[in-house]
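Worksheet: the structure to be examined is printed underneath.
Naming: A, B, ... by sequence-line order, numbering from 1 per chain. For the numbers below, each heavy atom of this structure counts, side chains included, while hydrogens, waters and symmetry mates do not. Values in this document were obtained by computation on a predicted structure and should not be read as measured data.
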2 protein chains.
Amino acid sequence: MMTELPLEQVRTLLAVVDEGTFDAAAVALHVTPSAVSQRVKALEQRTGRVLLQRTKPVRPTESGAVLVRYARQLARLERDAWGELGLSGTGEPTRVSVAVNADSLATWFLPALTRVAGLCFELHREDEDHTAALLREGLVMAAVTSSPDPVPGCTVRPLGRMRYLPVAAPGFITAHLDGRPMPEALSRAPVVAFDRKDDFQDGFARRLGGRPAGPFRHHVPTSEGFLDAVAAGLGWGLVPEVQAGPLLDRGRLALLTPGEYMDVTLHWQQWRLDSPALAALADAVTATAAETLRR
Amino acid sequence: MMTELPLEQVRTLLAVVDEGTFDAAAVALHVTPSAVSQRVKALEQRTGRVLLQRTKPVRPTESGAVLVRYARQLARLERDAWGELGLSGTGEPTRVSVAVNADSLATWFLPALTRVAGLCFELHREDEDHTAALLREGLVMAAVTSSPDPVPGCTVRPLGRMRYLPVAAPGFITAHLDGRPMPEALSRAPVVAFDRKDDFQDGFARRLGGRPAGPFRHHVPTSEGFLDAVAAGLGWGLVPEVQAGPLLDRGRLALLTPGEYMDVTLHWQQWRLDSPALAALADAVTATAAETLRR
């Protein structure tokens with residue numbers, strides 16, 4: 001059935017999702033908004049499914065996401081073919097969209113990208129537990145994930161373990177933890193979390209035998225901001241050892257429970273496509289991860 | 001009319017929006033999911049408006065957002081009253097949700113927070129052109145915005161100007177810009193942007209008389225990642241002068257067009273509420289901004 005889908009309609013669907021509105025897609029495709037609307041409707045009739053939620057911006061439905069992924073894979077193959085023929089195609093550079101978690105982006109991921117020449121990167125920052133969803137929706141063609149289970153149509157390779165150390169500013173430890181029984185004190189002390197979804201600190205407190213981390217909880221939704229907030233004494237938190245190391249050495253941070261840590265195993269998932277661009281990126285990412293992450 | 005709204009129903013609406021689903025709201029409120037559903041329906045009948053989009057997660061409609069903001073303001077007043085009475089209320093710490101742009105969060109904003117004791121911060125990172133929308137939706141009670149126009153129900157204070165310098169790695173300049181006529185070379189060279197919405201670099205290229213920045217465009221959606229990508233030579237970009245300064249001094253970055261820059265004027269907007277917590281935060285933020293930003 002897939003091969004019978006009219007390409008023009010599939011590409012129009014992709015443009016609407018990428019641009020966010022029917023009007024913007026019309027501008028990008030150099031056609032009228034009513035042509036865009038007719039093509040999407042025709043594709044919905046052909047597939048017998050609603051493909052778009054008419055929100056602002058427009059979002060694909062579950063069925064729509066399948067076609068969007070298909071459209072992106074087609075576009076990728078087409079661009080690779082042009083590239084291999086030594087032709088510039090539409091004059092567009094080879095674009096690779098990747099979902100990556102904030103801590104990887106702040107530590108080891110960018111150096112990997114500089115090892116690959118000639119590609120244009122479109123990075124999406126997302127929690128490592130949720131990057132697989134972006135892959136499933138077809139929004140990205142590769143992702144750093146915590147899940148070792150491949151998304152349908154994707155391959156998986158392990159990258160290594162990222163180690164997190166429980167740390168706080170020395171002044172914070174004096175004020176909130178010193179001389180108090182440990183798991184309980186940790187559960188009651190102010191804590192820094194990435195955002196509302198982040199239960200990593202809770203998991204650590206529970207593993208020590210305490211309750212989830214305290215109700216006094218700051219949300220700082222950037223990797224570097226999280227580190228800065230912990231170093232400034234706003235709360236305790238689990239920080240990647242590569243980020244914590246220099247501050248531990250300079251005495252600006254201290255370990256809460258020496259010998260205790262949390263490890264997150266990271267994986268590289270990408271579309272199962274014979275694409276030279278994706279293959280070059282995968283090699284660079286796995287090589288850089290091997291140098292930086294724990295095995 | 002507002003005073004006639006049943007508080008229990010309004011609080012239930014807020015819980016559904018905060019928790020994302022009816023089921024999660026039921027758990028948080030210690031009632032059954034069907035009680036949650038009935039309360040929301042009753043409130044919709046009473047107001048004659050649909051208040052929630054039944055998506056996953058649930059989102060408030062425009063009418064729903066008005067009531068969500070109202071519910072949060074009520075909760076804030078209640079908590080402040082408990083705090084002033086020296087009572088801990090429900091045992092919950094005083095929580096302040098703030099929307100802030102990535103570059104402010106990476107540079108001057110966190111030191112402001114450390115000046116305020118006893119508050120729990122919930123930061124939301126958003127482009128400075130879009131933080132006002134979060135304020136309007138009632139998701140946050142204060143925001144750093146680029147717009148000087150107050151959101152309904154909010155007050156505005158100017159914070160100062162953040163200066164952005166057009167920079168690139170010296171090797172990048174040699175490879176892509178040296179010896180070529182300037183506005184045109186800049187428009188064609190690889191460029192780093194924050195995300196798809198970021199047209200700041202385009203605006204700069206246009207102001208020099210060139211076309212929008214080139215099709216070879218990387219997206220790196222964190223402030224520090226953006227800086228790292230530019231320093232690694234992936235493209236040119238506009239970087240806050242406080243971030244660029246140390247790298248310019250060490251020769252890891254160079255100015256593209258000495259004397260040219262882009263300024264963004266930032267504002268502090270917050271709910272028009274007589275809240276000691278918000279007032280203390282506003283004072284700390286405006287004082288820190290005055291020390292860091294340009295007038």
Side-chain angles (χ1 to χ4, degrees), chain A residues 18-20 53 55 57 59 90-98 100 102 104-107 109-111 113-126 169 190-197 214-235, chain B residues 18-20 53 55 59 88 90-98 100 102 104-107 109-111 113-126 169 190-197 214-235:
Chain A
D18 277 350
E19 303 295 330
Q53 297 174 35
T55 46
R59 289 182 60 88
T90 57
E92 289 282 308
T94 304
R95 203 166 271 286
V96 180
S97 52
V98 183
V100 57
S104 289
L105 187 51
T107 54
F109 196 75
L110 276 173
L113 301 190
T114 61
R115 292 182 168 194
V116 192
L119 295 183
C120 212
F121 298 107
E122 187 171 317
L123 304 186
H124 295 259
R125 197 206 56 160
E126 187 53 86
V191 65
V192 183
F194 194 81
D195 57 19
R196 200 175 273 268
K197 288 186 280 185
F216 204 102
R217 175 186 295 251
H218 303 289
H219 292 169
V220 185
T222 69
S223 183
E224 297 83 357
F226 187 103
L227 176 68
D228 290 346
V230 171
L234 287 176
Chain B
D18 278 350
E19 302 295 329
Q53 298 174 35
T55 46
R59 289 180 63 87
S88 58
T90 58
E92 290 282 307
T94 303
R95 202 166 271 287
V96 179
S97 52
V98 182
V100 56
S104 288
L105 188 51
T107 54
F109 196 75
L110 276 173
L113 301 191
T114 61
R115 292 183 169 193
V116 193
L119 295 183
C120 211
F121 299 108
E122 186 172 319
L123 304 185
H124 295 259
R125 197 206 55 162
E126 187 54 85
V191 66
V192 182
F194 194 81
D195 58 17
R196 200 175 271 269
K197 289 185 279 184
F216 204 102
R217 176 186 294 250
H218 303 287
H219 291 170
V220 185
T222 68
S223 183
E224 298 83 357
F226 187 104
L227 176 67
D228 290 346
V230 170
L234 287 175

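Your options are Asp18(A), Val192(A), Val96(A), and the one with the most heavy-atom pairs under 4.5 Å with chain B is Asp18(A).
Screening residues 220-231 of chain A for salt bridge (Lys or Arg N to Asp or Glu O under 4.0 Å), with sequence neighbours left out, gives no hits.
For His218(A), the ring-ring contact (aromatic ring centres under 6.0 Å, His included) test picks out Phe216(A), Phe121(B), with sequence neighbours left out.
Between Glu122(A) and Arg217(B), none of the side-chain N atoms (NZ, or NE/NH1/NH2) sits under 4.0 Å from a carboxylate O, so this pair counts as no salt bridge.
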Residue pair Val220(B), Arg125(A): steps toward the side chain to side chain contact (heavy atoms under 4.5 Å, CB included) verdict: CA-CA 8 Å; Val220(B) 185; Arg125(A) 197 206 56 160; over 6 Å; no

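No part of Arg59(B) comes within reach of chain A, as not one of its non-hydrogen atoms sits under 4.5 angstrom from that chain. Proximity to chain B (any heavy atom under 4.5 Å) is shown, for Ser223(A), by neither the backbone nor the side chain. Neither the backbone nor the side chain of Ser97(B) has a heavy atom closer than 4.5 Å to any heavy atom of chain A.
Across all non-hydrogen atoms, the minimal contact from Pro215(A) to Cys120(B) is O-SG, 4.2 Å. Considering all non-hydrogen atoms of both residues, Ala232(A) and Thr114(B) come closest at CB-CG2, 3.4 Å.
For the atom pair His124(A) NE2 and Arg196(B) CZ, the distance stands at 6.5 Å (nearest 0.5 Å).
Residues Leu123(A) and Pro221(B) have side chains in contact (heavy-atom distance under 4.5 Å, counting atoms from C-beta outward).
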